[in-house]
Amino acid sequence: MQDYLKGLNERQKEAVLHVDGPLMIIAGAGSGKTKVLTTRIAHLMAIGVDAFNILALTFTNKAAREMKERIEHILGNNEARNLYIGTFHSVFARILRGEAPRLGYPSNFTIYDTDDAKSVIKAIVHELNLDDKHYKPNTVYNRISNAKNALVTAQEYVNDYAIQQEDLRSNRPAIGKIFEAYAKRCFRNGAMDFDDLLVKMYELLKYFPEALSKYQRKFKYILIDEYQDTNTAQYEIIKLLGAMHENVCVVGDDAQSIYSFRGATIQNILQFQKDYDDVKVVKLEQNYRSTQNILNVANEIISNNKGQIEKTLFTENVTGEKIKLIRTISDNDEGKFVADTIQEQKLRNHFHNKDFAILYRTNAQSRAFEEALRRMGIAYTIYGGISFYQRKEIKDYISYLRVLVNPDDEEALKRIINYPARGIGKTSVDRIILAANEHNISFWQVLERAREFGIRGATLESVENFVVMIKSFTSMLNHKNAYDVAVHVGKQTNFVRELFNDKSAEGVARYENIQELLNSIKEWVEGSEEEFIINDGEEAITEGITNESADGITDQNEGSVPAPEETSERQDKSLGAYLQQITLLTDADNKSTDADTVKLMTIHAAKGLEFSCVFAAGLEESLFPNAMSINTREELEEERRLFYVVVTRAKQRLWISYANSRYRFGSLIQNEPSRFINEIPEEYLDKSNAGSASRSGFGMSAFERMRGGSFGGNARSATRMAEKRYGPPPGRRDDAAPAYTGVKPQTRVKEHQPSADFAPSDTSGLQAGQKVEHQKFGFGEVVKVEGSRQNPVAMIKFENNGEKKIMLNYARLRIIG
DNA sequence: TACAGTGCTTTTTTT
DNA sequence: AAGCACTGTA
C-alpha cells in the first residue's frame with residue numbers, strides 16, 4: 001500500500017482510490033476534505049496521470065495554494081507545479097489571456113474589479129440621464145451580476161418578459177438598457193469584470209468547438225472544491241469541460257452553502273447524480289476537528305433546515321467544554337469581553353494568539369474588537385474590508401500601468417488623466433466621453449486625436465503632452481521589465497514625489513504602500529513561481545523610486561501577445577499578466593496565516609478554516625440572521641447554514657456572544673438575541689455569562705432591575721466561581737467588577753420594565769414635544785427629529801437615561817402623547 | 001479649476 | 001462614524 005494512504009479512513013480511501021468516472025464526495029465539516037482531495041490528486045499522479053492533464057478548481061487562492069503545497073509534500077517532487085490548480089476566476093483568466101482574441105478582446109484585457117464595474121455603471125446611468133438615486137450602482141450591479149451568473153446576456157435580459165416585468169415591478173425598467181450599455185462599454189474598454197471571466201469562458205467553449213475540444217482533451221481529470229457554492233455559469237462550464245472524459249470529481253457540503261447571493265445554487269450539488277450516469281457517491285461523516293459538544297450543537301442547528309443530503313456527522317473526539325453564551329451591554333463591551341477572555345485563556349490554558357478567531361457576520365463589526373485588542377496589546381490580523389489593491393493610491397498607480405497595457409481602459413484613464421493635476425478637468429473629460437460615445441471609439445482614441453474633437457487651447461496642449469508621455473512609457477515596455485517601467489512611471493509623473501512630500505500620517509502610509517506595491521512588482525518579475533505574497537507590515541523597501549532604477553532584466557517578450565502554449569503561458573512575467581493576477585487577489589491572499597495573531601474575519605471568509613478557540617460574535621436579530629436575509633425561508637436557511645459554519649470552525653472552545661445595543665451609523669440601536677441561540681439545546685450551553693434573562697428586560701426581579709440590568713448577581717457570582725477554579729484573572733483586582741461588563745457610569749442603562757400594553761407605534765410622523773415610551777430606556781420626550789426622510793433620527797430625552805439619538809427605522813417606540 | 005465646508009446616505013456576505 | 005456629492009468661494 002502506498003504511504004500516502006496511511007492515516008485515511010475507509011471512506012476517505014474509497015474516494016481517493018476512485019480513478020475513472022464521476023465522483024461526488026459529500027464532506028461534512030472537518031471530515032478531512034482537503035486531505036482527500038489532495039491525496040486523490042497525488043494518487044492520480046502516482047499511477048501515471050500527467051499533472052498537465054489535471055484541473056482543480058477552488059474558490060479561494062489560499063485553498064489552491066494550500067492544495068498545491070500539500071500535493072508537493074506528498075509526492076516529494078516538483079511535479080505539482082504543472083497542475084492546473086486555482087480559483088475559477090484565476091484559471092479562466094489565464095486561459096482567456098490566450099483565447100480572448102477569438103472573442104474579440106485583446107489578450108491584455110483588463111479585469112474590472114467591483115469598484116471599476118460600479119464606476120462604469122455610474123457613468124452610464126449618468127449618460128442615460130437616469131436618476132442615480134433610483135438606479136444606485138450597487139443595485140444595478142447586483143442585478144447585472146446575477147444575470148451574468150445565470151448566463152443571461154444583455155440581449156436576453158431585455159427580451160425576457162418575466163425579467164422585464166420584475167424590473168417594472170421594482171420600478172427600475174431601465175436596468176436592461178444599462179446592462180446593454182455596460183456590456184458594450186466593457187467590450188469597448190477591452191475589459192472583463194469578474195462575472196465576465198466565467199461568461200466569456202463559457203462562450204469560448206460553447207461557440208468555438210476547437211477550443212472546447214482542446215480543453216476537453218487537456219483536462220482529463222477535473223476536481224471541484226466547494227461544489228455547493230458553484231453558480232450556473234460555473235456549472236455549465238464544468239459540464240462542457242467534463243463531457244469528454246466524465247472524470248469529474250466534486251467535493252462539497254450542502255450544509256455549508258453560503259454564497260447564494262453570488263448566484264450559487266445548491267441544486268448543483270443536490271442534482272449532481274442526475275448529470276452523469278453511474279455517479280459514485282462517498283460520504284465523509286467522521287469529524288476530526290471538533291469536540292462532541294461543538295459537533296452536537298452544529299448537528300442540532302442544521303437539523304432545523306429542510307431539504308438536505310442526509311448525513312450524520314460524528315466524532316471520536318472528547319466531549320469538551322460547553323459552549324459559552326455571553327451577553328454584553330454594548331458592542332464595545334463585547335469587544336472587551338473577548339479581548340479579556342483571550343488574555344485569560346492564553347495565561348491559563350497556554351493558548352497562543354493564533355489559536356483564536358473572532359468571527360462575525362458583517363465587516364463593520366470588527367471595530368470594537370480591534371480597539372479592545374489593541375488596548376490589551378494583543379496582536380491581531382483583520383481579513384476582509386478593502387484589499388491592498390483597492391486603496392486609492394495603489395489603484396491610481398496601477399491605473400497608469402493598466403493604461404500602458406491596455407490604453408482602451410477608460411476607467412483607468414479617467415483616474416489618471418488629471419492626477420497628478422495637469423489641467424484636464426471635469427469639463428474636458430465630459431467632452432471627451434461625449435465624443436467617444438458619439439463615434440463609438442475609445443476614450444484613448446479621442447485623446448490621440450483631441451484636436452479633431454474640438455479640444456482647444458491650454459487643455460489641448462495638456463492632452464497632447466499626456467498622450468506623448470503615455471506613449472513613451474508604452475515603448476519602454478519593449479525593452480525594460482515591468483518593475484523598471486513602473487518605477488519610471490512613478491518618477492516621470494511626479495506621482496511618487498507628491499506622496500513623498502505629504503508628511504501627514506496618512507501621507508507617509510500612502511508612500512509606504514506605494515513602495516510595497518513596487519516591491520511586489522519586483523517580486524513578480526524576479527520570482528520563480530507565479531504565487532507571491534505581499535509582506536504586509538514588514539519593512540518597506542526603501543530602494544526603488546529613490547535610487548536610480550535597478551538593472552533592467554531584459555525580457556524581449558514584454559508587452560507582446562504571449563503565445564497560448566502552456567510553457568510561455570505559465571512563465572508569463574509581463575506587466576499584463578501581473579495586472580490580471582493582482583485583480584483576482586483578495587485581502588486574505590496578501591496575509592500570511594501562520595503569524596501568531598488573533599484572526600478577525602467574517603464567517604464567509606472563515607469557511608474552510610479551523611481554530612482552537614472561536615468567538616462567534618454579534619448573535620443578534622437583524623444582524624445575524626441579517627435583516628436583509630429573513631424575507632424568505634431560503635434566505636433564513638442560508639443564514640442558519642452560516643451559523644453552522646461558524647460553529648464548526650471551532651476545535652476546542654466556542655463562545656457565542658451578543659450585545660443588547662450597538663452603534664450603527666452613529667446611533668444606538670437595540671437588538672434581541674438571535675433566534676439561532678434558542679436552537680441550541682440547553683444541555684450544551686454554559687450560560688453563566690449570559691445574564692439572568694434570556695430576553696431583554698423581561699423576567700428580571702425588581703432587585704436585579706435596580707442593580708442596573710441583568711449584570712447584577714448572576715454574572716458576577718459566576719465569575720467568582722470561575723475564579724475559584726482558575727485563580728484570579730491577570731491584571732484585575734479581586735473585588736473589581738468583571739472587566740467585560742465595562743459599564744461606564746454614563747452609558748449604564750437603567751433597565752425599564754415596559755408597560756403591559758407596550759406595542760410599537762408608527763413613528764413616521766413623530767415630532768418634537770411628543771412623549772414616548774422606549775422598551776429599554778423608558779419614558780421620554782422627543783427633543784427633535786433630524787436625519788432624512790428615509791432615515792429619520794430622533795433625539796429623545798429620557799427620564800432615567802438622558803438624551804439619546806434613536807434611529808426610527810429600527811427603534812420600537814410607543815407614542816404616548 | 002480647485003478646494004473647503006456642509007449635508008446626506010449608508011443596511012450583508014466576495015471572486 | 002464616515003465617505004461622498006454638492007455648493008460656494010478664491
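Chain letters run A, B, ... following the sequence lines, proteins first, then strands; residues in each count from 1.
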Using the salt bridge (charged side-chain N to carboxylate O under 4.0 Å, His left out) criterion, which residues pair with Asp195(A)? Sequence neighbours excluded. none

For nucleotides 1-10 of chain C, 5' to 3', base contacts (B), sugar-phosphate-only contacts (S) and non-contacts (-) with protein non-hydrogen atoms under 4.0 Å give BS--S-----

Closest non-hydrogen atom pair, Arg422(A) against Ser462(A): O-OG, 3.1 Å

Can you find a pair of side-chain heavy atoms, one from Asn305(A) and one from Glu638(A), that are under 4.5 Å apart? no

Under 4.0 Å between any heavy atoms, over every strand shown, what does Ser428(A) touch: base, sugar-phosphate, or nothing? Just pick one. sugar-phosphate

Provide the full list of salt bridge (charged side-chain N to carboxylate O under 4.0 Å, His left out) pairs with a residue in residues 118-128 of chain A, sequence neighbours left out, each pair given once. Glu127(A)-Arg185(A)

Between Asn513(A) and Glu393(A), do the side chains contain an N or O donor and an N or O acceptor separated by less than 3.5 Å? yes

Taking only residues two or more places apart in sequence, or in another chain, which ones meet Asp132(A) in a side chain to side chain donor-acceptor pair (under 3.5 Å)? none

Taking the ring of Phe261(A) and the ring of His604(A), is the distance between their centroids below 6.0 Å? yes

Once salt bridge (charged side-chain N to carboxylate O under 4.0 Å, His left out) is applied, what residue pairs with a partner in residues 227-240 of chain A remain, sequence neighbours excluded? Asp229(A)-Lys607(A)

When you compare the protein's N or O atoms with those of nucleotides 12-15 of chain B, which come within less than 3.5 Å of each other, and at what distance?
{"residue": "dT12(B)", "atom": "O2", "partner": "Arg361(A)", "partner atom": "NH1", "Å": "3.0"}
{"residue": "dT12(B)", "atom": "O2", "partner": "Arg361(A)", "partner atom": "NH2", "Å": "2.5"}
{"residue": "dT12(B)", "atom": "N3", "partner": "Ser629(A)", "partner atom": "OG", "Å": "3.4"}
{"residue": "dT13(B)", "atom": "OP1", "partner": "Asn363(A)", "partner atom": "N", "Å": "2.9"}
{"residue": "dT13(B)", "atom": "OP1", "partner": "Asn363(A)", "partner atom": "ND2", "Å": "3.3"}
{"residue": "dT13(B)", "atom": "O4'", "partner": "Arg361(A)", "partner atom": "NH2", "Å": "3.3"}
{"residue": "dT13(B)", "atom": "O2", "partner": "Arg361(A)", "partner atom": "NH2", "Å": "2.7"}
{"residue": "dT13(B)", "atom": "O2", "partner": "His604(A)", "partner atom": "NE2", "Å": "3.4"}
{"residue": "dT14(B)", "atom": "OP1", "partner": "Thr602(A)", "partner atom": "OG1", "Å": "2.8"}
{"residue": "dT14(B)", "atom": "OP2", "partner": "Asn363(A)", "partner atom": "ND2", "Å": "3.4"}
{"residue": "dT15(B)", "atom": "O2", "partner": "His89(A)", "partner atom": "NE2", "Å": "3.0"}
{"residue": "dT15(B)", "atom": "O4", "partner": "Thr114(A)", "partner atom": "OG1", "Å": "3.4"}

